[in-house]
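Input: a single structure, listed below in structure tokens.
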Amino acid sequence: MGDVQFDFCDKSFVVVGASSGIGRQITKELAESGANVLAVARNRERLEDLTGMSSHIQIRTLDVLSATPDDWNALATAFVEEYGKIHGAVYTAGISGATPLRGFDEAFAYRIMETSFWGAVRALQSMTKKKFSHEKASFVLFSSVAGVIGGKGMFAYAAAKAAVIAGVKTLAHDLARDGKRLNSISPGYVRTEMTRLYENTSNIPTNVIQNHLLGIGEANQVSGMALFLLSNRAEWITGQNFVLDGGYLCGPWN
């Protein structure tokens with residue numbers, strides 16, 4: 001149990017990309033803090049595992065690549081009818097992979113952008129509507145340090161994550177009229193199911209590991225920032241990108 005505890009009793013949130021990694025950790029911690037959580041992802045089996053953790057967690061399968069505005073609205077409508085308007089949402093869905101300039105799969109590169117950026121935009125278009133979310137609701141999108149500095153052979157992923165950061169700064173203006181907040185979180189290398197798959201196909205460069213001054217991250221070292229941004233202690237924060245990278249952007253030890 002961490003030093004800082006949050007009380008989200010009688011509040012409701014949506015987590016997209018909740019079946020694994022950071023999204024799963026955020027879902028678990030929100031439920032432990034008393035919130036009603038709608039966990040959204042493609043993988044039904046992994047989502048069902050979450051329901052055994054807490055009665056506060058509801059699940060819904062949705063593929064952000066193919067979801068239409070009507071799909072997002074239907075998802076929000078069903079949850080709001082049962083639990084009332086949401087107090088915020090977190091979008092963690094994303095895919096990663098190598099896209100070297102002279103040999104990348106164009107369809108895969110497009111899927112990266114669609115999942116990390118356009119999926120997030122479509123989710124926001126629905127969940128930030130007045131009929132679905134409270135005034136002063138807080139929304140958090142996940143970017144990456146790759147969106148800040150790029151990454152060798154990963155231009156599509158870096159571009160998608162940079163788009164999230166830029167989008168947050170712009171869309172925060174649109175949401176401010178209703179007192180709603182929008183921020184992004186950019187983790188360094190966090191060991192999750194997705195990154196483990198990447199590790200199986202590509203070796204992690206030694207310098208990547210060494211440049212994380214505090215070591216490779218875990219999901220529970222990132223989730224706390226998401227909960228803080230969803231809380232009323234962050235009610236004067238919007239349009240910002242928060243880097244959680246174990247010192248990666250500081251560079252290696254001398």
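Numbering of residues begins at 1 and proceeds along the displayed sequence.
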Hey, could you give me each pair passing salt bridge (Lys or Arg N to Asp or Glu O under 4.0 Å) that has a residue in [range]? Not counting sequence neighbours.
range: residues 67-81; result: none
range: residues 94-115; result: Glu114-Arg122
range: residues 127-140; result: Lys130-Asp178

How far does [atom1] of [X] sit from [atom2] of [Y], to the nearest 0.5 angstrom?
X: Glu235; Y: Leu229; atom1: CD; atom2: CG; value: 13.0 Å
X: Ser54; Y: Lys28; atom1: OG; atom2: NZ; value: 11.0 Å
X: Leu227; Y: Ser33; atom1: CG; atom2: OG; value: 5.5 Å
X: Leu230; Y: Met225; atom1: CG; atom2: CE; value: 11.5 Å
X: Asn73; Y: Phe132; atom1: CG; atom2: CZ; value: 4.5 Å
X: Ser184; Y: Lys169; atom1: OG; atom2: NZ; value: 7.0 Å

[X] versus [Y], closest heavy-atom pair with distance:
X: Ser223; Y: Gln25; answer: OG-CG, 3.5 Å
X: Ala158; Y: Gly151; answer: CB-N, 4.4 Å
X: Ser186; Y: Asn241; answer: OG-OD1, 2.8 Å
X: Val164; Y: Ser116; answer: CG2-O, 3.5 Å
X: Ile22; Y: Pro187; answer: CD1-CG, 4.2 Å
X: Cys250; Y: Leu213; answer: CB-CD1, 4.0 Å

Contact check, side chains of [X] and [Y], non-hydrogen atoms, under 4.5 Å:
X: Ser96; Y: Met154; value: yes
X: Val16; Y: Val90; value: no
X: Met127; Y: Phe139; value: yes
X: Arg42; Y: Ser19; value: no
X: Leu141; Y: Leu124; value: yes
X: Val140; Y: Ile26; value: no
X: Phe142; Y: Val222; value: yes
X: Arg233; Y: Phe228; value: yes

Can you list the residues that meet the side-chain hydrogen bond (donor to acceptor under 3.5 Å, both in side chains) rule with Ser12, with sequence neighbours excluded?
none
Residues which pass side-chain hydrogen bond (donor to acceptor under 3.5 Å, both in side chains) with Ser133, listed by chain and number, not counting sequence neighbours:
Lys180
Before you tell me yes or no, could you show the steps for Arg46 and Ser20 under side chain to side chain contact (heavy atoms under 4.5 Å, CB included), namely the whole-Å CA-CA distance, both residues' side-chain angles and the distance that decides it to 0.1 Å?
CA-CA 7 Å; Arg46 288 182 180 176; Ser20 62; 3.8 Å; yes
Name the one of Thr61, Leu38, Val80 that satisfies side-chain contact (heavy atoms from CB on, under 4.5 Å) with Leu75?
Leu38
Asp10 CG: over 12 foreign heavy atoms closer than 6.0 Å
no
Take Asn183 and Ile237 through the side chain to side chain contact (heavy atoms under 4.5 Å, CB included) test and state the conclusion after the steps.
CA-CA 8 Å; Asn183 294 286; Ile237 302 173; 3.6 Å; yes
Hydrophobic cluster membership, with links at side-chain heavy-atom distances under 4.5 Å among I/L/V/M/F/W/Y: are [X] and [Y] in one?
X: Val121; Y: Val64; value: yes
X: Phe6; Y: Leu244; value: yes
X: Ile165; Y: Phe117; value: no
X: Ile86; Y: Val40; value: yes
X: Phe108; Y: Met113; value: no

Any donor-acceptor pair under 3.5 Å linking the side chain of [X] with the backbone of [Y]?
X: Asp245; Y: Tyr248; result: yes
X: Ser138; Y: Gly88; result: no
X: Thr92; Y: Val15; result: no
X: Arg181; Y: Thr238; result: no
X: Arg24; Y: Gly21; result: no

Arg44: salt bridge (charged side-chain N to carboxylate O under 4.0 Å, His left out) partners, not counting sequence neighbours:
Glu48
May I ask you to list the residues sharing a hydrophobic cluster with Leu47, side-chain cutoff 4.5 Å, ordered by chain and number?
Leu50, Met53, Ile57, Ile59
Apart from Tyr110 itself, what residues make up its hydrophobic cluster, given side-chain heavy atom links below 4.5 Å?
none
Which pairs pass ring-ring contact (aromatic ring centres under 6.0 Å, His included) with one or both residues in residues 74-94, sequence neighbours excluded?
Phe79-Tyr83, His87-His134
Checking [X] now: which residues fulfil ring pair (Phe, Tyr, Trp, His ring centres under 6.0 Å) with it, not counting sequence neighbours?
X: Phe242; result: none
X: Phe13; result: Phe8
X: His56; result: none

Test side chain to side chain contact (heavy atoms under 4.5 Å, CB included) on Val37 and Val14; report intermediate values, then the result.
CA-CA 6 Å; Val37 188; Val14 177; over 6 Å; no
Hey, mind stepping through Leu62 and Trp72 against side chain to side chain contact (heavy atoms under 4.5 Å, CB included) and telling me if it holds?
CA-CA 9 Å; Leu62 185 76; Trp72 284 110; 3.5 Å; yes
